[in-house]
Asker: 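Sharing a structure here in structure tokens format.
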Amino acid sequence: MNHPIDELRQHRLDKLERIRARGDEPYKYSFQRSCTVAEARLALEQAESAAGEGQEITPIPATLAGRLVALRKQGKSSFGNIRDERAAIQLFLNQNVLGEETYEALKDLDIGDFVGATGHVKRTRTGEITLFVERYEILSKSMKALPEKYHGLTDVETRYRQRYLDMVANPEVLDRFRARIAMINAMREFLVARGYLEVETPMLHPIPGGATARPFITHHNTYDRDLYLRIAPELYLKRLIVGGFEKVFEINRNFRNEGVDTRHNPEFTMLELYEAYQDYNGLMVATEELFCAAIEGVLGTLEFDYQEDRIVATRPWKRLGLFEAIREYAGIDLERTRDRDAAAALANGAGVHVDASMGYGKIVDAVMSEKVKPQLVQPTFLYDYPIEISPLAKKKRGNPDLTERFQVFIGRLELCNAFSELNDPIDQRERFEAQVALREKGDDEAQYLDEDYIAALEIGMPPTAGLGIGIDRLAMLLTDSASIREVIIFPQLRSIE
RNA sequence: GGACGGGUAGCUCAGUCGGUAGAGCAUCGGACUUUUAAUCCGGUGGCCGCGGGUUCGAGUCCCGCCCCGUUCACCA
């Protein structure tokens, strides 16, 4: 068989042989760089500005390492480019300098190999910052052809399945994930500075709680029992508030056995925080501050573009009652109508599809999702949600049909969910029982009754407000990404058999 | 799960009416001592996503399936 892959592979194997035959090792154990490529470039630029316009400067000695990303041979001299994590630099390789034998050995280098090189950094006469190489060595041999240099790798499936290749071929992908990391760091620093404790709670739950979603089920052999990958950390974080911590947060993965689309990945990262003696009013302020810290931490400004829209996130953000928003954007009033069928009729009239299984709360939620959310470009709080779809939130003062709950929307993305936490154990039990009743009627997303959580509330939980932020979606917003898969480094794809 | 779009060389893509499977880059050989998508000459490289069908003949038409994207449904 003469497959091209075999041929290319054979060429590389031959090169490995030749390298080893020279007594060299194509997979080195370490390499001592004098600095990074970016540092070398900066050193030259600083020397230049110190010397002044048009002055001769002394070339800067440097030993650099990186992946060889281009090699232009021109007879007895050659140009290459290496790239390390942060920057790329041109190499100049000349037979007179390297010696005939070493220069000849360039034949055994391929684009994709890691190379270490020692020489002096200066500009070529075309002005390109270049390492004039005096010694080089191969550090690691690549056995595969890299994607084409000009177009890069654009095939979305390959980009997601082989993210490492995406990162090699498209360096801006590194920037996107750096932005995500910077965002998380900014939020963590903000919270730690305000005295929140970062905690870790279980990923394996005996009862999946804290959200309405289908769980992944797994099995623990020693205890011979099924466990669930957590759909939310909420109930454990609130147990910590019961235990005596007053400000806690966790940034970690949740798993939900639901559909996959541009805004949903089966595993996703959530920041949840809880603060004792706080309610949703105070939390709205803190939420605004936290979001702004994240946005400025990444972008350095509160004004930015997301897809087609210009977002201006300067505070204060718009606040709208949920029903007010529905009146404004859907043109119907669902607040006065607590009757399920009347609400369904109004929703239908507004062009929102309602099916028979949906109760009042879900109808309100559907109208919000279809008619309100698509209008919420600028940062907006929606607050006061129906009790039916908020089983862990405290009833609104003066209106037991509503809960003290809010969500934040930016760029049509739903980014967080927060409420005054329900800490009345008797009310909580009734809410759980309502969920169990829904489950018995066939709603497999209804929540489970968690007796131990009730027991914790019976010990006593102070007044508390809590918040959950979809980290991946916020990363989408701050990196102008249309799909959640662009900000999840290894997104979930169907496996190929 | 439905609708729409896509899957051809390692990568990026053409492929007309059903008639010998193409280009650029990469790769291999040659030329070249300041190039940077280097250039010039020559060569190698294909399960056309998979499986059926129609046909003298299928990358192309038909049917089924797989995978990806967008979208709708569900969810955050």
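In what follows, every chain begins at residue 1, and chains take the letters A, B, ... in the order their sequences are listed.
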Asker: If the test is side-chain hydrogen bond (donor to acceptor under 3.5 Å, both in side chains), which one of A:E128, A:R72, A:R123 qualifies with A:Q90?
Answerer: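 Only one of A:E128, A:R72, A:R123 forms a side-chain hydrogen bond (donor to acceptor under 3.5 Å, both in side chains) with A:Q90, namely A:R72.
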Asker: Go ahead and name the base partner of B:rC25; Watson-Crick or wobble counts if both distances stay under 3.5 Å, otherwise write none.
Answerer: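 Pairing partner, where one exists within any strand: B:rG10.
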Asker: Just the rounded figure in Å: distance from C1' of B:rC11 to OH of A:Y164.
Answerer: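 To the nearest whole Å, that distance equals 15 Å.
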Asker: If you measure from the C1' atom in B:rG18 to the same atom in B:rA23, how many Å do you get, rounded?
Answerer: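 It works out to 23 Å between them.
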Asker: Could you check whether the side chain of A:D261 and the base of B:rC74 have a donor-acceptor pair of N or O atoms closer than 3.5 Å, going by distance alone?
Answerer: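 Such a pair is found, so the answer is yes.
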Asker: In Watson-Crick or G-U wobble terms, both distances under 3.5 Å, what is the partner of B:rU44?
Answerer: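 Here B:rU44 is not engaged in any pair, so there is no nucleotide opposite it.
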Asker: Could you let me know what B:rU71 is paired to, Watson-Crick or G-U wobble, both distances under 3.5 Å, or none if it's on its own?
Answerer: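 Looking at the geometry, B:rU71 pairs with B:rG2.
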Asker: Could you go through nucleotides 24-26 of chain B and list every protein N or O atom that sits under 3.5 Å from one of its N or O atoms, giving the distance for each pair?
Answerer:
{"residue": "B:rA26", "atom": "OP1", "partner": "A:K149", "partner atom": "NZ", "Å": "3.0"}

Asker: Would you say a side-chain N or O of A:R161 is under 4.0 Å from OP1 or OP2 of B:rC68?
Answerer: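 The answer is yes; a side-chain N or O of A:R161 sits under 4.0 Å from OP1 or OP2.
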Asker: Contact class for A:N265 (heavy atom, under 4.0 Å): base, sugar-phosphate, or nothing?
Answerer: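 Base contact.
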Asker: With a 4.5 Å heavy-atom cut-off, do A:Q307 and A:D480 have their side chains touching?
Answerer: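 A side-chain contact exists here, since the closest heavy-atom pair is under 4.5 Å.
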Asker: Quickly work out the A:Q162 CD to B:rC11 C1' distance and round it to whole Å.
Answerer: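 It is 12 Å, rounded to the nearest whole Å.
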Asker: Does A:R180 qualify as a cation-pi partner of A:F177, given the criterion of NZ or CZ under 6.0 Å from the six-membered ring centre and within 45 degrees of its axis?
Answerer: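 Here A:R180 fails the 6.0 Å and 45° test against A:F177.
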Asker: My understanding is that only one of A:F419, A:Y385, A:Y383 makes a side chain to side chain contact (heavy atoms under 4.5 Å, CB included) with A:T403; could you say which?
Answerer: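 Testing each of A:F419, A:Y385, A:Y383 against A:T403, the sole residue satisfying side chain to side chain contact (heavy atoms under 4.5 Å, CB included) is A:Y385.
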Asker: Under 3.5 Å for both donor-acceptor distances, Watson-Crick or wobble: does B:rG18 have a partner, and if so which one?
Answerer: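 Answer to the pairing question: none, since B:rG18 forms no Watson-Crick or G-U pair.
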Asker: Tell me: CG of A:L13 to C1' of B:rU27, nearest whole Å?
Answerer: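 That distance rounds to 14 Å.
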Asker: RNA chain B: A:A482 or A:F255, which has the more 5' nearest nucleotide?
Answerer: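 Nearest-nucleotide comparison on RNA chain B picks A:A482.
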Asker: Without decimals, in angstroms, what is the distance between A:L106 CG and B:rU35 C1'?
Answerer: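 Rounded to whole Å, this separation is 14 Å.
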Asker: Is B:rU35 paired to anything, Watson-Crick or G-U wobble with both distances less than 3.5 Å, and if yes, which nucleotide?
Answerer: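 Across all strands, not a single nucleotide pairs with B:rU35.
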Asker: Is A:L493 touching bases, backbone alone, or none of the nucleic acid, heavy atoms closer than 4.0 Å?
Answerer: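 Sugar-phosphate contact only - A:L493 comes under 4.0 Å of backbone atoms but never of a base.
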Asker: Would you say A:R72 reaches B:rA38's phosphate, i.e. side-chain N/O to OP1/OP2 under 4.0 Å?
Answerer: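 Affirmative; the distance criterion is met.
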Asker: Taking NZ, NE, NH1 and NH2 as the nitrogens, is one of them in A:R263 or A:E414 under 4.0 Å from a carboxylate oxygen of the other?
Answerer: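 A:E414 and A:R263: not salt-bridged.
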Asker: Give the C-alpha distance, both sets of side-chain angles, the deciding distance and a yes or no for ring-ring contact (aromatic ring centres under 6.0 Å, His included) between A:F406 and A:F381.
Answerer: CA-CA 6 Å; A:F406 68 81; A:F381 288 95; 5.4 Å; yes
Asker: Mind checking A:G152 for me? I need base, sugar-phosphate or nothing, with any heavy atom below 4.0 Å counting as a touch.
Answerer: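 Answer is sugar-phosphate: A:G152 comes under 4.0 Å of backbone atoms only.
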Asker: Does the base of B:rU35 carry an N or O that pairs as donor and acceptor with the side chain of A:T126 under 3.5 Å?
Answerer: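 Present.
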Asker: Rounding to the closest angstrom, what is the interatomic distance between B:rG64 and B:rG22 at atom C1'?
Answerer: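 One C1' to the other, the span is 30 Å.
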Asker: Using Watson-Crick or G-U wobble geometry with both distances under 3.5 Å, which nucleotide pairs with B:rC65?
Answerer: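 B:rC65 is paired with B:rG49.
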Asker: Reckon A:S77 has a side-chain N or O less than 4.0 Å from the OP1 or OP2 of B:rU35?
Answerer: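 No, no such contact exists.
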Asker: In whole Å, measure the gap between the P atoms of B:rU60 and B:rC48 for me.
Answerer: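 That atom pair is separated by 10 Å.
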Asker: Taking the P atom in each of B:rC74 and B:rU8, what is the distance between them to the nearest angstrom?
Answerer: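 B:rC74 and B:rU8 have their P atoms separated by 34 Å.
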Asker: What's A:K362 touching, base or sugar-phosphate or nothing? Going by heavy atoms closer than 4.0 Å.
Answerer: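 It contacts sugar-phosphate atoms only.
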Asker: So A:T212, base contact, sugar-phosphate only, or nothing? Heavy-atom distance under 4.0 Å.
Answerer: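 Since only primed, P, OP1 and OP2 atoms lie under 4.0 Å of A:T212, the category is sugar-phosphate.
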Asker: Mind jotting down which residue pairs meet the side-chain hydrogen bond (donor to acceptor under 3.5 Å, both in side chains) criterion with at least one end in residues 370-379 of chain A? Sequence neighbours excluded, please.
Answerer: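 Qualifying pairs: none.
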Asker: Can A:F79 be said to stack with the base of B:rA38, given centres closer than 5.5 angstrom and planes under 30 degrees apart?
Answerer: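 So no, this residue does not stack on that base, at least one cut-off failing.
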Asker: Choose from B:rC11, B:rC28, B:rA76 the nucleotide whose nearest atom is closest to any side-chain atom of A:R473.
Answerer: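 Nearest listed nucleotide: B:rA76.
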Asker: The side chain of A:E7 is closest to which nucleotide in this list: B:rU44, B:rA38, B:rC28?
Answerer: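 Nearest to the side chain of A:E7 among the choices is B:rU44.
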Asker: Could you measure between the two P atoms, the one in B:rC40 and the one in B:rU55, and give it in whole Å?
Answerer: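 Rounded to whole Å, the distance is 49 Å.
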Asker: Determine the interatomic distance between C1' on B:rU54 and the same-named atom on B:rC63; round to the nearest Å.
Answerer: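 Their C1' atoms lie roughly 11 Å apart.
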Asker: Can you confirm whether A:Q447 sits close enough to A:L392 that some side-chain heavy atom of one is under 4.5 Å from a side-chain heavy atom of the other?
Answerer: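 They are in contact (side-chain heavy atoms under 4.5 Å apart), so the answer is yes.
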Asker: Check whether any side-chain nitrogen or oxygen of A:T154 sits under 4.0 Å from OP1 or OP2 of B:rC13, and answer yes or no.
Answerer: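 Checking B:rC13 against A:T154, a side-chain N or O does come within under 4.0 Å of OP1 or OP2.
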Asker: For A:S483, which contact category applies under a 4.0 Å heavy-atom criterion: base, sugar-phosphate, or nothing?
Answerer: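 Counting heavy atoms under 4.0 Å across all strands, the contact made by A:S483 is with sugar-phosphate only.
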Asker: Does A:Q74 reach a base, just sugar-phosphate, or nothing at all? Heavy atoms under 4.0 Å.
Answerer: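 Result for A:Q74 = base.
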Asker: Using the C1' atom as the reference point in each nucleotide, state the distance between B:rG2 and B:rA73 in Å, no decimals.
Answerer: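 To the nearest whole Å, 8 Å.
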Asker: Take atom CD of A:E172 as the centre, draw a 6.0 Å sphere, and report whether it contains more than 12 heavy atoms from other residues, nucleotides or ligands.
Answerer: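 Enclosed: over 12 neighbouring heavy atoms sit under 6.0 Å from CD of A:E172.
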Asker: Tell me, please, whether A:F268 has A:R256 positioned over its six-membered ring: NZ or CZ under 6.0 Å from the ring centre and within 45 degrees of its axis?
Answerer: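 Here A:R256 fails the 6.0 Å and 45° test against A:F268.
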Asker: Roughly how far apart, to the nearest Å, are B:rG49 and B:rA14 at atom P?
Answerer: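 My reading of the P atoms in B:rG49 and B:rA14 gives 14 Å.
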Asker: A:L71 has an atom CG; how far is it from atom C1' of B:rU34, in whole Å?
Answerer: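 One finds 15 Å between C1' of B:rU34 and CG of A:L71, rounded.
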Asker: What integer distance in Å separates A:E370:CD from B:rA73:P?
Answerer: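 To the nearest whole Å, that distance equals 5 Å.
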Asker: Could you tell me the separation between the CG atom of A:L68 and the P atom of B:rU27, rounded to a whole number of Å?
Answerer: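 These atoms are roughly 10 Å apart.
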Asker: Could you tell me whether A:T262 contacts a base, only the sugar-phosphate backbone, or nothing, with contacts defined as non-hydrogen atoms closer than 4.0 Å?
Answerer: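 A:T262: backbone/sugar contact only, no base atoms under 4.0 Å.
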Asker: For the side chain to side chain contact (heavy atoms under 4.5 Å, CB included) test, which of A:R67, A:K141, A:K15 pairs with A:D113?
Answerer: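 That would be A:K141.
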Asker: Answer with yes or no whether A:Q90 presents, from its side chain, a donor or acceptor under 3.5 Å of a partner atom in the base of B:rU35.
Answerer: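 By the distance-only test, yes, there is a pair.
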Asker: Please determine whether any donor N or O and acceptor N or O are separated by less than 3.5 Å between the side chain of A:N94 and the base of B:rU33.
Answerer: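 Indeed there is one.
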Asker: So, are A:R253 and A:E267 salt-bridged, with charged N and O less than 4.0 Å apart?
Answerer: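 Answer for the salt bridge query: yes.
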Asker: Do any side-chain nitrogens or oxygens of A:R494 fall under 4.0 Å of OP1 or OP2 in B:rC67?
Answerer: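 So the side chain of A:R494 is within the cut-off, an N or O lying under 4.0 Å from OP1 or OP2 of B:rC67.
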Asker: Nearest-Å distance, CD1 (A:I89) to P (B:rU36)?
Answerer: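 Atom-to-atom, A:I89 to B:rU36, this comes out as 18 Å.
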Asker: Identify whether any heavy atom of A:N96 sits under 4.0 Å from a base atom; if not, whether one sits that close to sugar-phosphate; answer base, sugar-phosphate or nothing.
Answerer: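 Here A:N96 touches the bases of the nucleic acid.
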Asker: At less than 3.5 Å, do the side-chain atoms of A:T124 and the base atoms of B:rU35 form a donor-acceptor pair?
Answerer: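 It does, because a donor-acceptor pair links the side chain of A:T124 to the base of B:rU35 below 3.5 Å.
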Asker: Output the single nucleotide from B:rU36, B:rC11, B:rA73 whose closest atom is nearest the side chain of A:E128.
Answerer: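 The closest nucleotide is B:rU36.
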Asker: Applying a 4.0 Å non-hydrogen cut-off, can you work out what A:F268 is touching in the nucleic acid: base, sugar-phosphate, or nothing?
Answerer: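 Base contact.
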